[in-house]
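Input: a single structure, listed below in C-alpha cells.
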Amino acid sequence: MPDILRIEPDSITLDKLGLNSKQLEAVKYFENPLLILAGAGTGKTKTLTSKIALLIASGVSPSKILAITFTNKAAAEMRQRIAQITPYSSGIWMHTFHALGAKLLRQHGELIGIKQNFLIYDADDQKKLIGSILKEINLESEKNKIGLYINLISKAKDDLIDEEAYSTAAEAAGETNRLKTARIYRLYQAKLALAGALDFGDLIHKTCKLLKEKDDLREYYQEYFQYVLVDEYQDTNHAQYVLIKTLAEKHQNLCVVGDPDQTIYSWRGANIRNILEFEKDFKNAKTIILEQNYRSTANILNAANKVIVRNRNRQSKNLWTKNNTGDNVEIIECSGEIDESRFIYNKIKKLTASGAYTYNDFVIFYRTNAQSRSFEETFMRMSIPYRLIGSIKFYNRKEIKDAVAYFRLLANPYDTVSLLRVVNTPARGIGKTALEKIQAYALEHQLPLFDALENEFQIPKLTPMARRGIKEFTIMINSLKAELGETPLYIIIEKLLTKSGYWQSIEDLSEKDPEASLTKLGNLQELVNAVKEFEDRMEKQNISPSIHKFLENVSLASEVDNLEYSKYAVTLMTVHLAKGLEFPAVFLTGLEDGLFPINASHSSNSEMEEERRLCYVGMTRAKQKLFMTWANTRKIFGKTYPNMASRFLFETELIKGKEENQNEEMPQSAPYVPEGPRITAGRKVAHPVYGIGKVINLVGTGEFTKVTVAFDNGGKQTFMLKYAPLEMV
C-alpha cells in the first residue's frame with residue numbers, strides 16, 4: 001500500500017460519512033485483494049463510493065482507478081455520490097463491463113483487426129444475421145432454432161471459445177449438431193467482420209483476446225490501473241472474471257463487492273463460483289461481511305432470511321437491522337389471476353387514499369412476462385397509471401429501430417443488417433426480387449452489400465424503378481455521411497427522416513390509423529430530442545459528440561437505465577430486473593410451485609437454489625410493506641389448472657403446512673395422450689428452440705404430465721407435456 005494512503009486526508013473525514021464499523025473496515029482496507037460480502041440493503045454502494053473517494057482524497061489519480069458496475073444507472077449514481085464526497089473525482093474509469101470493452105476496443109482494437117468505428121449488434125440484429133446465414137446455407141427450415149444458435153454462440157464467447165476453437169472441438173467430437181453450430185459460428189463472425197460490427201459477447205471476448213495477444217498493451221494497463229473495484233461480482237461470467245484478473249494482475253489492489261445470495265443470472269452465464277471461491281483465486285484475500293440492513297423492516301428481513309438460509313451453496317451471513325419491527329409480511333391466497341390483480345388494485349387504492357403512499361411507492365414483481373397481462377388489464381380498466389419495465393423499450397419500437405438503422409448506415413455503410421432493414425423502407429422500388437439479385441451479385445463478387453448497390457449499373461435485370469431507387473438511396477446516404485462532424489447530429493437525423501421519405505410515410509399512415517401515426521411521429525420526435533440531449537451532455541463534459549458514441553450509448557442501455565419516477569405510476573416488472581432497486585411496498589406475485597419456483601418438480605438442486613435466490617431478491621426490495629400472493633388456480637392457454645402454494649411461502653414460516661407435501665404429485669386425472677405417436681422415455685424429440693434431444697423422464701398423469709428432455713447441446717429442460725412443442729424424430 002502506498003505511504004500516502006496511511007495519511008488521514010484533510011479533504012475527506014470518514015467519521016462524517018456515517019459508516020458502520022464493518023463498512024469503515026472495508027473502506028480503509030488496502031493491503032490485499034478484498035471481498036466485501038454485502039447483503040441486500042447493507043449499503044454496498046455507499047461503502048464502494050466511500051472507498052473510491054478515500055483513494056482520491058489520499059492522492060491517487062482518479063484516472064488510475066477502474067470501477068466496474070453492471071448498469072449505466074448504477075455507474076451514474078456512483079459518480080454522483082463520489083463527487084459529493086470529494087470534488088476531485090473527474091476522470092475515474094467508471095464503466096459497465098461492456099462499456100469498458102467498447103472503450104478499449106475503440107482505442108486499440110485495430111491491433112487485432114477491429115475497425116475503430118465498429119457498430120454493436122443487439123439481439124434483433126443477431127437474429128437477422130443468423131437468419132440470413134441459415135438461408136445462405138440452405139437451412140431455412142431451421143429458422144425456428146435461431147435463438148438456440150445465438151445462445152450457443154454467446155455461451156462460447158462467455159467461455160472465451162472463438163469460432164476456430166469451437167470448430168476444432170466439434171470436429172473432434174464428430175457430433176452433427178455441434179458441427180452445424182460451428183459452421184454457423186464461423187459464418188456469423190465473418191459476416192460481423194464484413195459489416196464492421198461486434199455483438200455484446202465480442203465486447204468482452206475480444207478485449208480479453210486483445211490483452212492476451214498484445215503483451216505491451218496488457219502490461220501498460222496492468223501498470224496503469226492501480227486500483228480495480230467491481231460491483232455485483234456474483235454476476236460475472238468466465239470472460240469477465242478473466243478480464244478483471246488480467247487487469248488487476250500486477251498491483252493486486254482488487255476489491256470486489258457482491259452477494260452470493262443474489263446470484264440470479266446463471267442462465268445468461270453468471271458463475272457463482274467466481275465469488276464463492278474468491279479467496280482461492282486471489283492470494284492473501286480478505287473477506288469482510290456487511291450484515292446490517294438499512295432498507296427493510298425487521299419483519300421483512302426475518303422472513304427473507306428464513307427463505308435464503310435453506311440454500312446450501314452460499315457463504316453464511318445473517319442480515320439484521322436497527323429499523324423498527326414494521327408490519328407483518330402478508331401472504332394472500334387468491335382464487336385466480338384476476339382475483340390476484342383485484343386484491344393488489346384494492347390494496348394500492350387503500351394505501352394511496354391514506355396519504356402515506358403514492359403510486360411511485362409500489363412495485364409488482366412476477367416470475368414471467370406473461371403474468372403482467374392481468375395486472376395491466378385491471379389497471380387500465382380502473383384507471384391506475386403504471387409503467388411496464390422490460391417490455392418493448394423505446395429503442396426497440398419499429399419506427400425507432402428503422403430511424404436508428406439509417407443513422408447506423410451513416411456511421412458504417414457496410415452494416416448489412418441495417419442496410420437490409422431500410423433499403424426499401426419506405427418503399428422505393430427495391431423489392432424482394434431486386435434485393436435477391438443485388439445479394440447474389442454481392443456474394444458472387446465478394447462485395448459488401450453497399451458496394452454492390454453503388455455498382456447497380458453492373459447488376460443485370462434490375463427494373464428502371466429499382467435502379468432509380470438504389471441511386472437515390474446511395475446518394476442520400478453518402479451526402480449525409482459527408483456532413484458528419486460538420487453538422488449537428490440532431491439536424492442530420494432530421495434530414496435523414498425527411499430525405500428518406502420516412503417521416504412522410506408515417507404522416508401518410510394517419511389516413512388509415514391517425515392514433516398510430518401520431519404515436520409514431522411523437523416517438524420519432526423524441527428520438528431527435530434524445531440526439532440533441534446527447535450532444536448537449538457531451539459538450540458539457542467537454543467531449544466531442546460523435547455518431548458512434550451516440551449509437552454505443554443506445555446499444556449499451558439496460559432495461560432499468562431509463563427507469564424514472566417523474567410521473568406517478570405503479571411499476572410492473574419481472575423479478576429478474578429487481579436487482580439494485582427498492583420500493584416502500586412490494587407485491588411478490590404468482591408464488592405457486594411450478595411457476596415460482598418454475599419447473600418445481602423437476603428442478604435440480606442448483607436450479608432450485610437459484611429460484612430461491614430470486615425469491616429472496618424480490619423480498620428484500622421491500623422497505624416497509626411486503627405482500628406475497630399466490631393463486632390456487634391459474635389459466636394456461638385458456639384452461640384453468642389447480643395450483644399448490646410455493647414452497648418458498650412455507651419457508652418464511654408465516655404460514656403452516658407440511659413441507660413434505662410440497663413435492664406431492666398434482667391431482668390425478670385421466671391419462672393425457674398427445675396427438676400423434678406417443679412420447680415415451682428414450683424417444684428422440686425435436687424442440688423449436690433447444691433442438692434435438694432424448695426424453696429421459698415423464699412424471700405425473702393426465703394434463704399435468706411433465707416431460708424432461710436431455711438435449712444434444714448439453715442442456716436439460718422440463719415441460720408440461722400437453723403444451724410442449726415437441727415433435728417425434
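Sequence positions, counted from 1, serve as the residue numbers for this chain.
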Quiz item: Shortest non-hydrogen contact from Ala26 to Leu34?
Solution: O-CD2, 3.6 Å
Self-check item: For Lys51, all residues meeting salt bridge (Lys or Arg N to Asp or Glu O under 4.0 Å), sequence neighbours excluded
Solution: none
Quiz item: Can you name the nearest heavy-atom pair linking Ile275 to Gly258, along with the distance?
Solution: CD1-C, 3.6 Å
Self-check item: Lys/Arg-Asp/Glu bridge criterion (N-O < 4.0 Å) met for Glu592, Arg634
Solution: yes
Quiz prompt | Greater than 12 external heavy atoms within 6.0 Å of Arg312's CZ | solution = no
Quiz item: Does any N or O in the side chain of His576 come within less than 3.5 Å of the main-chain N or O of Tyr265, such that one atom is a donor and the other an acceptor?
Solution: no
Quiz item: Quick one: do Glu651 and Arg647 make a salt bridge, cutoff under 4.0 Å?
Solution: no
Self-check item: SB check Glu25 Lys22 (cutoff 4.0 Å)
Solution: yes
Exercise. Kindly write out the residues that satisfy side chain to side chain contact (heavy atoms under 4.5 Å, CB included) with Ala285, not counting sequence neighbours, or none if the list is empty.
Key: Pro33, Phe278, Glu279, Phe282
Quiz prompt | Any donor-acceptor N/O pair, Gln240 side chain to Tyr233 backbone, under 3.5 Å | solution = no
Quiz item: Can you name the residues that form a salt bridge (Lys or Arg N to Asp or Glu O under 4.0 Å) with Arg81, not counting sequence neighbours?
Solution: Glu77
Quiz item: Is a salt bridge present between Arg613 and Glu610, judged by a nitrogen-to-oxygen distance below 4.0 Å?
Solution: yes
Quiz item: Do Asn313 and Arg273 get their side chains close enough for a donor-acceptor pair, meaning under 3.5 Å?
Solution: no
Exercise. Heavy atoms only: give me the nearest Gly590-Phe596 pair and the separation to one decimal.
Key: O-CB, 3.4 Å
Exercise. Determine the minimum heavy-atom distance between Asn323 and Ser296, stating which atoms define it.
Key: ND2-O, 2.8 Å
Exercise. Specify the closest pair of heavy atoms between Val570 and Ile348, including all atoms of both residues, with the distance to one decimal.
Key: CG2-CD1, 4.0 Å
Practice problem: Please identify each residue that fulfils salt bridge (Lys or Arg N to Asp or Glu O under 4.0 Å) with Lys349, with sequence neighbours left out. | Solution: none
Quiz prompt | Where at least one partner belongs to residues 605-630, residue pairs that pass ring pair (Phe, Tyr, Trp, His ring centres under 6.0 Å), sequence neighbours excluded | solution = Phe587-Phe627
Exercise. Can you sort out the partners of His238 under ring pair (Phe, Tyr, Trp, His ring centres under 6.0 Å), two or more places apart, ordered by chain and number?
Key: none
Exercise. Kindly write out the residues that satisfy side chain to side chain contact (heavy atoms under 4.5 Å, CB included) with Gln84, not counting sequence neighbours, or none if the list is empty.
Key: Gln80
Exercise. Could you pull out all residues at least two apart from Tyr366 that satisfy ring pair (Phe, Tyr, Trp, His ring centres under 6.0 Å)?
Key: none
Quiz item: Can you list the steps and then say if Thr378 with Ser341 is a side chain to side chain donor-acceptor pair (under 3.5 Å)?
Solution: CA-CA 7 Å; Thr378 296; Ser341 64; 2.9 Å; yes
Practice problem: Could you list the residues that satisfy side chain to side chain contact (heavy atoms under 4.5 Å, CB included) with Ala303, not counting sequence neighbours? | Solution: Val329, Met619, Thr652, Leu654
Exercise. Could you tell me whether the side chain of Asn643 and the main chain of Ala631 form a donor-acceptor pair under 3.5 Å?
Key: yes
Quiz item: Hey, mind stepping through Asp235 and Lys579 against salt bridge (Lys or Arg N to Asp or Glu O under 4.0 Å) and telling me if it holds?
Solution: CA-CA 11 Å; Asp235 292 333; Lys579 288 278 290 294; 2.8 Å; yes
Practice problem: Tell me, with the steps shown, if Glu611 and Arg367 meet salt bridge (Lys or Arg N to Asp or Glu O under 4.0 Å). | Solution: CA-CA 10 Å; Glu611 289 290 307; Arg367 180 63 181 80; 2.7 Å; yes
Quiz item: Do the side chain of Asn293 and the main chain of Ala40 share a donor and acceptor less than 3.5 angstrom apart?
Solution: yes
Quiz item: Got a donor-acceptor contact below 3.5 angstrom from the Asp327 side chain to the Lys625 backbone?
Solution: no
Practice problem: Using salt bridge (Lys or Arg N to Asp or Glu O under 4.0 Å) as the criterion, list what pairs up with Lys245, not counting sequence neighbours. | Solution: none
Self-check item: Test item: Asn271 side-chain N/O and Asn237 main-chain N/O as donor-acceptor pair under 3.5 Å
Solution: no
Practice problem: Calculate, to the nearest 0.5 Å, the distance between atoms CE and CZ belonging to Met608 and Arg310 respectively. | Solution: 12.5 Å
Practice problem: Check the surroundings of atom CD1 in Ile696: do more than 12 heavy atoms from other residues, nucleotides or ligands lie under 6.0 Å from it? | Solution: yes
Self-check item: Main-chain N/O of Phe365 paired with Thr589 side-chain donor or acceptor, under 3.5 Å
Solution: yes
Self-check item: Residue among Leu243, Ile244, Leu247 satisfying side-chain contact (heavy atoms from CB on, under 4.5 Å) with Val230
Solution: Ile244
Quiz item: Between Asp361 (side chain) and Thr358 (backbone), is there a donor-acceptor pair under 3.5 Å?
Solution: yes
Quiz item: Relative to the ring of Phe375, is the ring of Phe379 parallel (under 30°), tilted (30 to 60°) or perpendicular (over 60°)?
Solution: tilted
Self-check item: Pair Glu232, Gln234: side-chain N/O donor-acceptor within cut-off below 3.5 Å
Solution: yes
Quiz item: With ring centroids as reference points, do Phe70 and Phe97 lie under 6.0 angstrom apart?
Solution: yes
Quiz prompt | Expected output: side-chain Lys46 to main-chain Gly18 donor-acceptor under 3.5 Å | solution = yes
Quiz prompt | Within residues 313-356 or reaching into it, pairs that qualify as ring pair (Phe, Tyr, Trp, His ring centres under 6.0 Å) - sequence neighbours excluded | solution = none
Practice problem: Please confirm whether the backbone N or O of Ser335 pairs with a side-chain atom of Thr633, one donor and one acceptor, at under 3.5 Å? | Solution: yes
Quiz item: If you take all heavy atoms of Pro260 and Ile272, which pair is closest and at what distance?
Solution: O-CD1, 3.9 Å
Practice problem: Please determine if Glu609 and Arg314 form a salt bridge, counting it only when a charged side-chain N lies under 4.0 Å from a carboxylate O. | Solution: no
Practice problem: Supply the atom-to-atom distance Ile344 CD1 to Thr629 OG1, rounded to the nearest 0.5 angstrom. | Solution: 5.0 Å
Exercise. Report the residues that fulfil side chain to side chain contact (heavy atoms under 4.5 Å, CB included) with Ile289, sequence neighbours left out, ordered by chain and then residue number.
Key: Leu37, Thr287, Glu291, Lys317
